[in-house]
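Here is how names work: the chains are called A, B, and so on, in the same order as the sequence lines, proteins then strands, and each is numbered from 1.
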There are 2 protein chains.
Amino acid sequence: MTIKEVARIAGVSIATVSKVINGCDEHISEATRERVRAVVAKYNYIPNSVARGLKTRKSKIIGILLPDITNPYFPQIVRGIEDAANLRGYGVVFCNTGDNPDREVECYNFLRSKMVDGIIFTRSLKRSARNRVLTEDLPAVVLDRVERDDRADKACGKVYVDVRRTMYDATMKLFQAGCGEIACLSAASDSKSDRFLGYLRALETLDLPYDKSYVFLDKFTEDTGYRGAKAVLEHHPETDGLVCGNDLIAIGALQALSELERQVPRQVKVIGIDNIYFSNFTTPPLSTMGQPTYTMGEAAASMLIDHLEYGKPLFECVFDHEYIQRQTV
Amino acid sequence: MTIKEVARIAGVSIATVSKVINGCDEHISEATRERVRAVVAKYNYIPNSVARGLKTRKSKIIGILLPDITNPYFPQIVRGIEDAANLRGYGVVFCNTGDNPDREVECYNFLRSKMVDGIIFTRSLKRSARNRVLTEDLPAVVLDRVERDDRADKACGKVYVDVRRTMYDATMKLFQAGCGEIACLSAASDSKSDRFLGYLRALETLDLPYDKSYVFLDKFTEDTGYRGAKAVLEHHPETDGLVCGNDLIAIGALQALSELERQVPRQVKVIGIDNIYFSNFTTPPLSTMGQPTYTMGEAAASMLIDHLEYGKPLFECVFDHEYIQRQTV
DNA sequence: GTGAAAGCGCTAACAA
DNA sequence: TTGTTAGCGCTTTCAC
């Protein structure tokens with residue numbers, strides 16, 4: 001069913017049909033309007049948004065570029081984006097970049113060729129094609145993993161939580177809970193190792209000595225947590241606190257601790273970051289610094305759409321983490 | 001950058017440019033071809049696939065309709081679909097229907113209006129608008145949650161694992177591991193309660209009596225597992241096996257068991273279905289009937305694309321579950 | 001109030 | 001070997 005057929009059946013011109021389906025029908029007589037509406041309803045006509053997009057130069061689609069939907073950090077964000085977008089009449093298409101900078105630009109090109117109106121971008125952890133992706137004229141908001149130079153870049157929005165500060169607060173939490181020998185398990189490559197720096201700064205504030213054998217940096221995976229916890233505990237059996245760069249790492253650490261027969265939280269306290277869905281269900285349930293992922297997704301989408309629709313400027317939107325007390329601290 | 005500009009800069013007609021970017025350039029001289037390629041590369045020209053789609057009547061996009069990407073069962077499937085699709089030059093756009101039949105048809109209309117070439121559909125658990133979605137001419141493959149009548153419908157493909165059989169096997173597993181008082185925790189509304197029927201049939205085979213107070217059916221959530229385990233154990237403290245309709249339920253059950261201070265697997269054995277990512281990380285790690293989710297996604301995408309590209313018929317593709325022995329059985 | 005016509009960027013006959 | 005042209009379904013002036 002096309003606009004042409006609707007027009008023919010309703011006995012009007014396609015221009016008229018176009019006007020009524022788009023609500024630009026002030027100058028259409030009630031009778032005609034009704035006639036068109038009836039045909040549209042009867043045949044369940046749905047305007048072809050590809051054709052419309054070609055004509056209007058906007059697709060009402062926003063593109064999402066993210067490393068891997070399989071990573072439990074992302075689904076909530078995507079839902080937040082999608083829900084907010086749908087509410088405002090936008091659709092969403094997303095691409096997994098697989099944490100691969102080359103795929104990142106491929107995906108970007110794909111989205112461009114689909115004429116998305118803007119993108120929401122979470123870069124890969126590997127050296128990224130950021131410049132290729134963010135340099136262009138397509139409105140973009142960077143979500144999480146914001147980099148130092150992005151912040152200078154007035155051309156794109158940013159939505160994130162300050163992870164260095166989160167890590168700082170997490171370390172403080174452990175100290176306040178009585179830990180004196182706090183180890184840090186995180187990824188080697190988070191943007192400029194922000195998290196690790198948060199840990200360091202907390203140590204300074206606390207006047208605790210820094211010893212690199214208390215630190216294990218590799219990836220944002222359970223495996224890192226597992227190996228890290230084992231390694232640290234082997235050198236330092238007296239370790240009584242583990243700040244983990246994310247919940248995945250914390251989960252791995254919990255597993256190692258259980259094998260090592262350390263009581264959590266009595267002997268060792270553990271804190272994660274992210275509050276992923278499953279941090280509720282570890283044993284014991286994980287205490288963590290929650291990121292408001294769903295809300296961040298919503299915020300990114302709203303910012304982008306406000307920009308697209310009303311020309312509101314893109315801006316920087318920093319969320320606070322929220323401490324979720326469960327049973328590992 | 002449009003094809004027109006490329007043509008102007010290269011000093012050829014747009015038809016020529018079109019031919020070379022589409023590889024239909026047997027009849028183009030090497031010199032011209034090179035000239036065009038150079039311009040394309042220099043200006044990083046990317047063909048507008050919206051315009052192309054409008055013309056060719058195909059978008060090289062496949063649509064995915066699923067209940068909720070936030071449900072840990074889906075991300076793997078989506079990845080499987082996306083990877084297989086990308087490999088063959090297709091993109092993917094997905095919509096969360098939120099398990100809401102109305103949204104289901106909205107999403108369907110959205111995808112149609114985007115001219116997707118076909119869809120992969122996982123229906124909502126609520127009474128679904130299946131007919132509206134599967135009746136139309138758009139090629140479709142139903143993934144998981146296949147219903148009895150779908151199977152008669154020659155017009156769509158099906159990819160699933162036989163959950164009744166899975167549940168049957170899971171129950172048998174528990175019996176073989178020494179359980180005699182096996183309870184069933186599942187969702188009330190899985191398509192025709194297939195899982196529950198699998199449990200029943202296993203009981204029959206085993207000549208075990210059926211007692212409905214050993215059964216708790218509600219939703220596919222941890223909460224159901226938690227409440228179910230508590231309810232069953234209260235009536236029947238001697239329960240020594242829990243077959244769970246999915247891993248989420250099993251995880252909730254594990255939590256209840258831990259609160260009840262039942263030793264798993266010594267006193268009570270637990271088995272789940274799905275092998276979601278986190279079933280690895282429960283305490284103890286969950287034994288479960290794995291569904292090859294990633295592979296199922298790939299299979300659905302391949303089937304659909306084979307149909308689209310070569311007219312191969314859509315078919316029914318039944319996968320086997322695979323028992324993953326961990327530490328709860 | 002309504003419709004004719006141009007054109008969005010591209011492909012595919014067909015003509016030259 | 002290359003270019004001209006019609007048209008995909010739609011929106012949007014502008015004329016009637």
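Looking only at distances, no side-chain donor or acceptor of A:Asp99 sits under 3.5 Å from a matching main-chain atom of A:Pro67. Under a 3.5 Å cut-off, the side chain of A:Asp25 and the backbone N or O of A:Ile28 do not form any donor-acceptor pair. Without hydrogens or angle criteria, A:His307 side chain to A:Pro313 main chain gives no donor-acceptor distance under 3.5 Å. Side chain of A:Ser113 to backbone of B:Ile46: no donor-acceptor contact under 3.5 angstrom is found.
Between A:Glu26 atom CD and C:dG1 atom C1' the separation is 12 Å, expressed in whole Å. In this structure, CD of B:Glu5 is placed 11 Å from P of C:dC8, rounded to the nearest angstrom. Here the P atom of nucleotide D:dG9 and the CE atom of B:Met115 are 8 Å apart, to the nearest Å. Atom NE2 in B:His27 sits about 16 Å away from atom P in C:dA15, given to the nearest Å. Between the C1' atom of D:dG7 and the CD1 atom of A:Ile3 lies a distance of 16 Å, rounded to the nearest Å. Computed from coordinates, the B:Asp25 CG to C:dT11 P distance equals 13 Å when rounded to whole Å. Atom CD1 of B:Ile28 is separated from atom P of D:dG3 by 8 Å (rounded to the nearest Å). As a whole-Å value, the separation of B:Lys60 NZ from C:dT11 P is 12 Å.
Within residues 40-59 of chain B, the residues having any heavy atom under 4.0 Å from DNA chain C are, by residue number, B:Tyr45, B:Pro47, B:Asn48, B:Ala51, B:Arg52, B:Lys55, B:Thr56. Of the residues in residues 11-21 of chain B, those lying under 4.0 Å from DNA chain D by heavy-atom distance are B:Val12, B:Ser13, B:Ala15, B:Thr16, B:Lys19.
The pair A:Lys126-A:Asp102 fails the salt-bridge criterion, with no side-chain N (NZ, NE, NH1 or NH2) lying under 4.0 Å from an Asp/Glu carboxylate O.
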Between A:Tyr160 and A:Glu316, does the side-chain hydrogen bond (donor to acceptor under 3.5 Å, both in side chains) criterion hold? Intermediate values first, please.
CA-CA 8 Å; A:Tyr160 61 99; A:Glu316 187 160 341; 2.5 Å; yes
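When only modelled atom types and interatomic distance are considered, A:Gln291 and A:Tyr73 share a side-chain donor-acceptor pair under 3.5 Å.
In plain terms, the two heavy atoms of B:Ala301 and B:Ile81 that are nearest each other are CB-O, 3.8 Å. When every heavy atom of A:Arg79 is checked against every heavy atom of B:Asp68, the shortest pair comes out as NE-OD1, 2.9 Å.
Between A:Thr32 and C:dT2 there is a side-chain polar atom (N or O) within less than 4.0 angstrom of OP1 or OP2.
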